[in-house]
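The block underneath contains the structure these notes are about, expressed in structure tokens.
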Amino acid sequence: MNSKSLVSIDDISRDEILDLIGRARYFEENPNLKVLDGRVVATLFFEPSTRTRLSFETAVNRLGGRVIGFSDASTSSSAKGETLKDTIKMVSNYVDLIVMRHHLEGAARYASEVTDVPVINAGDGANQHPSQTMLDLYSISKTQGRLNDLTITMVGDLKYGRTVHSLIMAMRYFNPTFNFVACNELRMPEEYKEICRANGIKYTESTDFSPEIINSSDILYMTRVQRERFTDIMEYEKVKNIYTLRNSMLADAKDNLKVLHPLPRITEIDQDVDDNPKAYYFEQARNGLFARQAIICRALGIDLQKN
Ligand code: CP
């Protein structure tokens with residue numbers, strides 16, 4: 001595996017996380033640095049995406065590189081039965097970096113093991129979404145002025161939500177307190193609670209999205225119940241609308257509270273929240289551009305000091 005791959009947020013240290021946040025800040029101030037001249041990046045999306053794919057592609061374009069790839073795997077030779085290994089080996093002949101989303105957990109790790117080209121995981125099943133985590137960390141750092149000692153409430157699909165799984169792993173360096181709010185069917189998996197316990201991180205679990213929880217939070221991280229992860233559609237129908245954040249529920253929230261969501265949202269944030277200054281999810285998605293510029297440059301070994 002190329003050491004510049006980013007498959008899991010666990011692949012990078014606390015110092016590298018802070019360095020990437022610093023680079024994201026730099027790109028927000030200088031979004032059009034032409035540091036990728038002559039570089040080609042592949043975006044291989046075996047699962048649908050709006051923000052992740054388009055922000056990665058915008059990042060490459062703004063940095064002066066070129067993009068090839070597909071947003072619909074049915075137009076690629078995987079529809080004829082070509083294996084993931086062969087697809088990755090072929091694409092590696094053409095590009096300097098591969099950004100890949102796949103529905104199977106572990107697919108990005110596997111891809112990174114069959115090529116010398118760096119691979120960035122743009123989401124693998126319910127497992128990891130490390131570039132989302134970097135933009136989440138950048139958003140938290142920008143809005144709170146720090147990453148340490150924050151109370152972060154995660155709401156919704158905590159079982160299948162790869163964004164919350166990655167965020168827990170990254171936040172373990174920064175002494176958070178977590179509130180996990182989910183119905184019994186979508187509780188935070190034991191392995192992530194074990195990570196909390198092993199790192200001395202305080203957490204609560206609740207099925208009740210209570211005013212006390214909202215009003216004690218610095219970050220409210222809402223998530224979508226993901227229909228595509230359920231094998232039984234009746235199970236999805238039972239839980240799909242279980243939590244909805246409404247504007248009135250934020251009346252007594254802390255001044256610094258920000259509402260984050262990786263998006264897309266369905267019903268879990270009412271549109272009446274959108275104009276509340278505490279709603280930060282659209283800016284959060286914008287931050288993805290700068291975070292991904294930082295990740296791409298790290299993967300390609302580009303030294304910003306020399307540019
Ligand atoms: N947050 C996120 O991954 O959005 P997309 O599915 O639109 O890429």
Side-chain angles (χ1 to χ4, degrees), residues 6-9 20 24 41-62 67 69-74 97-108 111 119-140 142-143 152 154-171 186 219-230 236 240 243 245 258-269 273-274 279-296:
L6 180 58
V7 171
S8 163
I9 199 69
L20 282 173
V41 176
T43 53
L44 310 182
F45 277 67
F46 293 84
E47 257 196 347
S49 166
T50 295
R51 281 146 291 273
T52 309
R53 186 175 66 82
L54 294 181
S55 61
F56 265 117
E57 294 186 356
T58 305
V60 175
N61 282 313
R62 286 199 178 275
V67 179
F70 52 78
S71 57
D72 176 357
S74 70
L97 172 66
I98 295 173
V99 178
M100 187 180 90
R101 171 171 289 186
H102 202 283
H103 53 277
L104 289 178
E105 294 180 25
V119 173
I120 297 173
N121 181 6
D124 62 328
N127 186 33
Q128 283 270 318
H129 195 349
S131 69
Q132 176 72 43
T133 302
M134 283 313 310
L135 78 89
D136 291 344
L137 293 174
Y138 182 46
S139 299
I140 294 169
K142 259 176 82 173
T143 60
I152 299 177
M154 298 175 166
V155 184
D157 182 354
L158 306 189
K159 179 178 179 183
Y160 298 115
R162 57 194 175 199
T163 64
V164 291
H165 300 162
S166 289
L167 188 56
I168 288 172
M169 291 171 78
M171 285 302 298
L186 296 175
I219 295 290
L220 207 45
Y221 197 100
M222 303 297 297
T223 64
R224 173 177 67 99
V225 176
Q226 302 173 84
R227 187 181 52 193
E228 63 270 32
R229 308 281 176 234
F230 285 75
Y236 168 73
K240 68 178 185 184
Y243 301 109
L245 179 67
K258 292 293 177 202
V259 179
L260 270 57
H261 190 311
L263 303 178
R265 64 145 164 210
I266 311 298
T267 57
E268 59 279 6
I269 301 180
V273 179
D274 294 357
Y280 194 73
Y281 27 92
F282 296 125
E283 291 96 329
Q284 178 189 0
R286 180 172 182 270
N287 289 335
L289 170 59
F290 314 120
R292 289 179 171 123
Q293 286 180 310
I295 290 168
I296 289 166

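Note that ligands are numbered from 1 as they come in the structure, with each ligand's atoms numbered from 1 the same way. The figures that follow rest on heavy atoms only: side chains count, while hydrogens, waters and symmetry mates do not. These figures come from a predicted structure and were not determined experimentally.
For the pair Q226 and Y160, the tightest heavy-atom approach, listed with the atom from each and the gap, is NE2-O, 3.1 Å. For the pair D136 and L260, the tightest heavy-atom approach, listed with the atom from each and the gap, is O-CD2, 4.4 Å.
Residue T163 does not touch ligand 1, judged by heavy-atom distances below 4.0 Å.
For a threshold of 3.5 Å applied to N or O pairs, the pair formed by R53 and ligand 1 contains no separation below that value. Where the criterion is an N or O separation shorter than 3.5 Å, residue side chain and backbone included, P262 meets it with respect to ligand 1.
Every atom of ligand 1 is numbered from 1 in the order shown, and the set under 4.0 Å from a heavy atom of T50 is 5 (P), 7 (O), 8 (O). Annotation for ligand 1: atoms under 4.0 Å from non-hydrogen atoms of L263 are 1 (N), 2 (C), 4 (O). Under a 4.0 Å criterion applied to the non-hydrogen atoms of Q132, ligand 1 contributes the atoms 1 (N), 2 (C).
A donor and an acceptor atom, one from each side chain of E268 and H261, are located under 3.5 Å apart.
Nearest residue to atom 8 (O) of ligand 1 from G123, P48, S49 is S49 (criterion: closest heavy atom).
Partners of R224 under the salt bridge (charged side-chain N to carboxylate O under 4.0 Å, His left out) rule, at least two apart in sequence or in another chain, are E228.
Ion pairing between E57 and R51 fails under the 4.0 Å rule for side-chain N and carboxylate O. With salt bridges taken as basic N to acidic carboxylate O contacts below 4.0 Å, none links D157 and R162.
Ligand 1 lies within reach of R101, whose nearest heavy atom is under 4.0 Å from it.
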Run the numbers on T52 and R292 for side chain to side chain contact (heavy atoms under 4.5 Å, CB included), then give the verdict.
CA-CA 9 Å; T52 309; R292 289 179 171 123; 3.7 Å; yes

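At the shortest separation from atom 4 (O) of ligand 1 among protein heavy atoms lies R51 NE, 3.1 Å.
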